[in-house]
Amino acid sequence: MPNQLARFKRRQSLAEHEVVLAALAAIARRERTTVMALLREAARSVVKARTAEPRQAETLRAMVQQLAPRIPARFKTAAQVARFKRAQREFDQVVLDLNLASPESVQARNSLVPSRDAVRMIDFDNAHAAAARV
């Protein structure tokens, strides 16, 4: 039988869990939110704190990248395009919020043209001059 007075006891009592959940419920009521929203907030702050360490951030980044939305070979409807774009925006926002990617890396991943290539506008002045005359 393990020593019940051990300083580093890993098992937590049901009473301890109950106290923590009751405290969360009280905070949620006071802040007019849900316990789940508070748990999500806490989970995100734990991930953000862990990404401060470069090695752990790289491990998390690799794991999270596997969950990125994959573009299908072909879209059949406009609704499929909209759903993919929404999923990609939501994924990008979470990755940015968790400090798992920089805005530049997100832009490079989502861009059709590599950022090292210069974008050239052909006949830009004439197109705008015609629009200004109208």
Side-chain angles (χ1 to χ4, degrees):
M1 180 170 175
N3 182 357
Q4 295 298 314
L5 300 175
R7 192 166 166 212
F8 298 107
K9 184 170 70 169
R10 302 286 288 164
R11 192 176 59 209
Q12 294 178 328
S13 70
L14 187 57
E16 185 177 351
H17 290 301
E18 190 175 21
V19 168
V20 171
L21 289 174
L24 273 174
I27 293 168
R29 274 192 304 276
R30 189 184 73 227
E31 294 181 2
R32 297 183 190 275
T33 187
T34 63
V35 172
M36 195 64 208
L38 292 175
L39 290 172
R40 263 191 228 105
E41 182 182 333
R44 283 175 179 247
S45 68
V46 166
V47 173
K48 276 185 183 181
R50 298 303 191 273
T51 58
E53 183 187 327
R55 281 182 38 202
Q56 194 163 14
E58 191 56 42
T59 303
L60 291 172
R61 192 174 295 118
M63 189 274 308
V64 166
Q65 262 328 106
Q66 294 174 358
L67 302 172
R70 303 278 183 243
I71 189 165
R74 205 173 122 205
F75 292 107
K76 293 181 182 177
T77 65
Q80 285 180 326
V81 174
R83 280 193 296 273
F84 170 75
K85 288 172 71 175
R86 183 179 63 239
Q88 188 174 33
R89 279 192 308 271
E90 290 171 353
F91 177 81
D92 291 343
Q93 189 59 54
V94 168
V95 169
L96 289 171
D97 289 347
L98 296 177
N99 298 328
L100 289 171
S102 67
E104 295 81 19
S105 67
V106 170
Q107 176 66 30
R109 186 180 65 241
N110 293 341
S111 182
L112 294 174
V113 178
S115 59
R116 66 180 181 277
D117 294 347
V119 176
R120 296 184 184 161
M121 303 292 283
I122 299 174
D123 207 23
F124 182 79
D125 294 332
N126 290 337
H128 285 282
R133 284 184 250 159
V134 175

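Note that these values count all heavy atoms, side chains included, but never hydrogens, waters or copies made by symmetry. Residue numbers count from 1 along this sequence.
Summarising the local packing, CD of Q56 is surrounded by more than 12 heavy atoms from other residues, nucleotides or ligands at distances under 6.0 Å. Applying the 6.0 Å contact sphere to CD of E31 captures more than 12 heavy atoms from other residues, nucleotides or ligands.
Of all heavy-atom pairs spanning V64 and L100, the tightest one is CG2-CD1, 3.7 Å. Considering all non-hydrogen atoms of both residues, A28 and T34 come closest at CB-C, 3.8 Å. When all heavy atoms of T51 and A57 are compared, the closest pair comes out as O-CB, 3.4 Å. Residues Q65 and R70 share a closest heavy-atom pair of O-NH2, 3.6 Å. Annotation for K48 and L98: closest pair CG-CA, 4.0 Å, computed over non-hydrogen atoms. Annotation for S102 and S105: closest pair O-OG, 2.8 Å, computed over non-hydrogen atoms.
With values rounded to the nearest 0.5 angstrom, Q88 atom CD is found 7.0 Å from I71 atom CD1. The structure places CD of E53 at 8.5 Å from OG1 of T59, a figure rounded to the nearest 0.5 Å. The OG1 atom of T77 sits 4.0 Å away from atom CD of Q80, with the distance rounded to the nearest 0.5 Å. One finds the CZ atom of R109 at 5.5 Å from the CZ atom of F91 (value rounded to the nearest 0.5 Å). Here CZ of R32 is found 15.5 Å from CD1 of I27. Values are rounded to the nearest 0.5 Å. Distance check, rounded to the nearest 0.5 Å: CZ of R89 to CG of N110 gives 11.0 Å.
Other members of a hydrophobic cluster containing V19 are absent, since no ILVMFWY side chain comes under 4.5 Å of it, directly or through relayed contacts.
Taking the charged nitrogens against the carboxylate oxygens, R61 and E58 do have a contact shorter than 4.0 Å, which makes a salt bridge.
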**Study point:** From CA spacing to verdict: side chain to side chain contact (heavy atoms under 4.5 Å, CB included), Q107, E104
**Key:** CA-CA 5 Å; Q107 176 66 30; E104 295 81 19; 5.6 Å; no

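Put simply, the side chain of Q93 never gets that close to the backbone of E90: no donor and acceptor are under 3.5 Å apart. Between the side chain of S45 and the main chain of A42, a donor-acceptor pair closer than 3.5 Å is present.
V95 and L67 fall within the same hydrophobic cluster, where Ile, Leu, Val, Met, Phe, Trp and Tyr residues are linked whenever their side-chain heavy atoms come under 4.5 Å apart, directly or through other members. The cluster map of Ile, Leu, Val, Met, Phe, Trp and Tyr, joined by side-chain heavy atoms under 4.5 Å apart, puts V47 and V94 in the same cluster.
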